[in-house]
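Proteins get letters first, then strands, A, B, ... in listed order; numbering begins at 1 in each. Owing to the predicted nature of the structure, the values given are computational and were not obtained by experimental measurement.
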Protein chains: 2
Amino acid sequence: MKNPPTVSRPANAANIKRVATVAAPVRSQVIEMLRTAITSGQFSPGQRLVEKDLCDMMGVSRPSLREALRQVESEGLIVTIPNRGPIVSQLSPRDVASIYEVRGALEALAAERFAAVASDEQVARLDVAVTELEAAYKTGDIEKIVVAKRAFYDVMLEGSGNSILPALLRTMNARITQLRRVSLSSPERAVNSLQEIRAVLNAIKQRDPEAAFKASLHHIKEASKVALASLEPSSR
Amino acid sequence: MKNPPTVSRPANAANIKRVATVAAPVRSQVIEMLRTAITSGQFSPGQRLVEKDLCDMMGVSRPSLREALRQVESEGLIVTIPNRGPIVSQLSPRDVASIYEVRGALEALAAERFAAVASDEQVARLDVAVTELEAAYKTGDIEKIVVAKRAFYDVMLEGSGNSILPALLRTMNARITQLRRVSLSSPERAVNSLQEIRAVLNAIKQRDPEAAFKASLHHIKEASKVALASLEPSSR
DNA sequence: TATCGTCAGATTGACAGACAGGATGATCAG
DNA sequence: CTGATCATCCTGTCTGTCAATCTGACGATA
């Protein structure tokens, strides 16, 4: 079939979003609550999550909660021990290094593709996002930085043209959020981080995918160093 | 009255596995069944999966089935439409390209890390795996090829030292299994594929991470081309 | 006859309650 | 103080129920 011009259907099938059917699926709310509670540190790593308690806490039934748990589990935020139930995941230093490696590979891919296929308008939007990120860093407010960084990635991922990258990176980021808050709070790291991001942006502006790839990879590797250093018992 | 004989033994008649050391959780069995049914093409893309039917089919309750569905959903094999339930995912050409991009990035990462950190013994095991893969290709038996390829990846991933890569790549592979069967069945592709894998192995033997990275990436890019080419003519 | 509204059936989303079995922890005997 | 026994907690799973929603068919109307 070649692009049927929808003559048979006068209905504007093109761009009408689903009407607010998505008011509040209980399950998604539970998932979101669990994610937030874990990434914000409200539940600490290794802590046991008793189903009944969570049900009471959130006011949902066990089946609903368990479905949510399964989803959060496959995102890696919790681990289920047979006949014992779920506990909040504990990241070993090796896990942290692994996550950063993967994140580096995927973000570098995103930057490379962005440089290759994004529209000029998207490049411009990325430029704006970086500027706003700089402003956020200057305030020193971690929440603002997180928001600005999310905006930056939103533009980057959309422009990369890859349909599965966003979900993957979102998961990776969720798993290291606690650590990232640490690394973000380091002032001297902030300066370097911004420079590195600028380098990515410049490579993209010049439409140089390879350079964008390398710059992005370098950025994550530096972030990884800081995060891992904050873990190591280097001083003892 | 259905009265399934579940007084004390779930007893799958024709399934004589090892003695019941492992209390095979119903849920994991269901997940495995769903994965297999989807990746093997038993359920076709777009097909609706009605909960009750699946329950009857597998002999489990709805809550158990739903938990399994949530997990399979977050692996990307099915998509849930609100108030309609799950359908088997349909991959657009863009999705396929995206998955191959990600897979390429991750496998290249694995090869690079393997070259950098694997033990000599692991390198030797990889060598063996490649040899066996060659043998499998020569038989032309797709099942054998799949098994040999899995063995190859098992060695590669273990030696890469990355703890989260295996799960990610397993998911990626599951999502394109149907297509991979197509690409694997192409005889002339087989020859090239083997050469590419040999190149990866050689780079690893020389402990050259960068070369391993590039060789691996090249391998996936070629596979991607074949897979995408097999899609183009019929679609659109 | 074609379009539209209505209604019934089919299914999902969600909940409550129940029960067996594995795991834990505390109590009691040696 | 150590080891065995038992009560208890909690998971894994099942059955049954109910409202909300989607779909498709039927019939009414212009």
Side-chain angles (χ1 to χ4, degrees), chain A residues 6-13 16-34 43 46-74 78-89, chain B residues 1-12 15 19-34 43 46-74 78-89:
Chain A
T6 70
V7 191
S8 57
R9 263 269 169 255
N12 31 27
I16 287 193
K17 299 253 200 290
R18 280 267 164 217
V19 180
T21 309
V22 269
V26 169
R27 186 175 63 249
S28 344
Q29 285 180 285
V30 175
I31 292 174
E32 202 46 52
M33 279 195 231
L34 288 172
F43 294 156
Q47 177 179 341
R48 215 175 139 188
L49 301 178
V50 177
E51 293 180 0
K52 176 142 192 320
D53 296 348
L54 295 177
C55 289
D56 296 344
M57 202 180 301
M58 306 186 181
V60 299
S61 66
R62 254 183 90 204
S64 299
L65 176 82
R66 283 174 64 91
E67 285 184 36
L69 283 174
R70 290 283 102 64
Q71 199 137 339
V72 176
E73 178 184 9
S74 60
I78 65 176
V79 177
T80 297
I81 301 174
N83 292 319
R84 282 274 294 172
I87 63 173
V88 179
S89 295
Chain B
M1 184 179 282
K2 19 187 176 172
N3 183 20
T6 56
V7 181
S8 61
R9 263 265 163 262
N12 335 16
N15 199 353
V19 185
T21 319
V22 180
V26 169
R27 185 176 65 249
S28 351
Q29 285 181 282
V30 175
I31 292 173
E32 203 44 53
M33 280 194 231
L34 288 172
F43 294 156
Q47 178 179 341
R48 215 176 138 186
L49 300 179
V50 177
E51 292 180 1
K52 177 145 189 320
D53 296 349
L54 295 177
C55 289
D56 295 345
M57 202 178 303
M58 307 187 180
V60 299
S61 67
R62 257 183 84 203
S64 298
L65 177 83
R66 284 173 63 92
E67 285 184 36
L69 282 174
R70 290 282 105 62
Q71 200 137 338
V72 176
E73 178 184 8
S74 61
I78 64 176
V79 176
T80 298
I81 301 174
N83 292 317
R84 282 277 293 173
I87 62 173
V88 179
S89 296

Rounding to an integer number of Å, can you tell me how far [X] [atom1] sits from [N] [atom2]?
{"X": "B:Ile31", "N": "D:dG12", "atom1": "CD1", "atom2": "C1'", "result": "13 Å"}
{"X": "A:Arg27", "N": "D:dA20", "atom1": "CZ", "atom2": "P", "result": "18 Å"}
{"X": "B:Asn83", "N": "D:dG24", "atom1": "CG", "atom2": "C1'", "result": "17 Å"}
{"X": "A:Glu67", "N": "D:dT13", "atom1": "CD", "atom2": "P", "result": "14 Å"}

Please report the shortest heavy-atom distance between [X] and [Y], naming the atom on each side.
{"X": "B:Leu49", "Y": "B:Ile78", "result": "CD1-CG2, 4.0 Å"}
{"X": "B:Leu65", "Y": "B:Glu51", "result": "CD2-O, 3.4 Å"}
{"X": "B:Arg27", "Y": "B:Ala68", "result": "O-CB, 4.2 Å"}

- Query: To the nearest 0.5 Å, how far apart are CG in A:Leu34 and CD in A:Glu73?
  - Reply: 12.0 Å
- When you check the gap from the basic side-chain N to the acidic O, do B:Arg70 and B:Glu67 get nearer than 4.0 Å? no
- Would a 4.5 Å heavy-atom cut-off, applied to side chains only, mark B:Thr80 and B:Leu69 as touching? no
- Task: Return the residues of residues 49-66 of chain A meeting this criterion: a heavy atom under 4.0 Å from some atom of DNA chain D. Order them by number, or give none.
- Result: A:Leu49, A:Val50, A:Glu51, A:Arg62, A:Arg66
- Of the candidate nucleotides D:dC10, C:dG13, D:dT13, which contains the atom at the shortest distance from the side chain of B:Pro25?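 For B:Pro25, the side-chain atoms sit closest to D:dT13.
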- Message: Taking 4.0 Å as the cut-off, does a side-chain nitrogen or oxygen of B:Arg84 come that near to OP1 or OP2 on D:dT21?
- Response: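 It does not, given that no N or O in the side chain of B:Arg84 lies less than 4.0 Å from OP1 or OP2 of D:dT21.
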